[in-house]
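Written below as C-alpha cells is the structure these notes are about.
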Amino acid sequence: MAKNPEDIKNEREQGGFEYAVMRSSDGALLWDDDLNGVYQSWEDDEENASWVDSEKDALRLADLAGLLPGGRLAKGYEITERPWYYEDDLREDE
C-alpha cells in the first residue's frame, strides 16, 4: 500500500534515513565535496561521508565514482543507511 504524502511529510519532519556509499572491505564511506564527482575520497569517520536523502542519490554518487559498471553497483561496494532525527525532537530519558 502506497504511503499518503502527508504521512511521508510527517516522517521527514520527525526524522528518517540518509544513505551513503560504503566500501565493504574496510567500511570506508565515500565523500564527495560538491556531490558532482570532481573531488572524492574514502573516509573512515562516518561524519565525514557524503550522506544523501535517497538510495537513488547514493547510487548517483557511486556512478560519479565509477562504481556502477553496467548499471549495477560494483562488487565490494554497498549502499548503507542510517537514521537521522532533528536534535530538537530528541528527548532525554526522564
Side-chain angles (χ1 to χ4, degrees):
M1 180 176 169
K3 288 188 176 187
N4 177 332
E6 191 64 30
D7 292 339
I8 294 170
K9 180 183 172 199
N10 289 336
E11 286 177 12
R12 288 189 178 151
E13 287 172 354
Q14 295 172 10
F17 289 91
E18 55 189 357
Y19 303 85
V21 180
M22 184 170 73
R23 189 169 54 200
S24 303
S25 63
D26 61 1
L29 297 158
L30 182 64
W31 171 79
D32 188 315
D33 183 38
D34 290 322
L35 305 178
N36 62 7
V38 175
Y39 299 106
Q40 296 178 324
S41 65
W42 292 99
E43 302 293 330
D44 294 330
D45 184 351
E46 73 176 35
E47 294 307 315
N48 292 332
S50 292
W51 292 94
V52 293
D53 293 335
S54 70
E55 190 170 349
K56 181 179 178 181
D57 288 341
L59 287 170
R60 186 182 65 75
L61 288 180
D63 189 27
L64 292 172
L67 301 175
L68 279 183
R72 299 191 73 155
L73 196 55
K75 184 176 180 181
Y77 297 90
E78 61 188 271
I79 302 299
T80 189
E81 66 181 37
R82 70 178 183 179
W84 64 267
Y85 303 93
Y86 288 112
E87 287 187 28
D88 293 341
D89 291 341
L90 297 177
R91 298 180 188 164
E92 291 188 32
D93 292 339
E94 299 179 71

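This chain uses plain numbering: 1 for the first residue, then up along the sequence. Every value quoted in this text rests on a predicted model; they were computed, and no experiment measured them.
- Checking side-chain atoms of D33 against main-chain N and O of Y39 turns up no donor-acceptor pair under 3.5 Å.
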ask   = Given the rule in the side chain to side chain contact (heavy atoms under 4.5 Å, CB included) test, do R60 and L35 qualify, once you have shown the distances and angles that lead to the verdict?
value = CA-CA 9 Å; R60 186 182 65 75; L35 305 178; 4.0 Å; yes
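- V21 is connected to Y19 through a chain of hydrophobic side-chain contacts under 4.5 Å among Ile, Leu, Val, Met, Phe, Trp and Tyr, so both are in one cluster.
- In this structure, the separation between CG on L67 and CD1 on I79 is 9.0 Å, given to the nearest 0.5 Å.
- Counting non-hydrogen atoms of other residues, nucleotides and ligands closer than 6.0 Å to CD of E46 gives a total above 12.
- Follow the hydrophobic side-chain contacts under 4.5 Å out from F17 and you reach V52 in the same cluster.
- Annotation: ring pair (Phe, Tyr, Trp, His ring centres under 6.0 Å) contacts involving residues 52-76, sequence neighbours excluded, are absent.
- Listed by chain and residue number, D26 satisfy the side-chain hydrogen bond (donor to acceptor under 3.5 Å, both in side chains) test with R23 (two or more places apart in sequence, or in another chain).
- Taking every heavy atom of both residues into account, A65 and L30 meet most closely at CB-CD2, 4.1 Å.
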ask   = Given the rule in the side chain to side chain contact (heavy atoms under 4.5 Å, CB included) test, do E81 and E18 qualify, once you have shown the distances and angles that lead to the verdict?
value = CA-CA 6 Å; E81 66 181 37; E18 55 189 357; over 6 Å; no
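- Under the side chain to side chain contact (heavy atoms under 4.5 Å, CB included) criterion, D34 pairs with N36, sequence neighbours left out.
- Looking at residues two or more places apart in sequence or on another chain, you find a side-chain hydrogen bond (donor to acceptor under 3.5 Å, both in side chains) between E43 and S41.
- Sequence neighbours left out, not one pair with a member in residues 65-78 passes salt bridge (Lys or Arg N to Asp or Glu O under 4.0 Å).
- Applying the ring pair (Phe, Tyr, Trp, His ring centres under 6.0 Å) test to residues at least two apart or on different chains, the pairs with a partner in residues 41-74 are W42-Y77.
- With rounding to the nearest 0.5 Å, the separation of OG in S50 from CG in L64 is 10.5 Å.
- Taking the side chain as every heavy atom from C-beta outward, L73 and L68 approach each other to under 4.5 Å.
- For L61 against Q40, the heavy-atom pair with the smallest separation is O-NE2, 3.8 Å.
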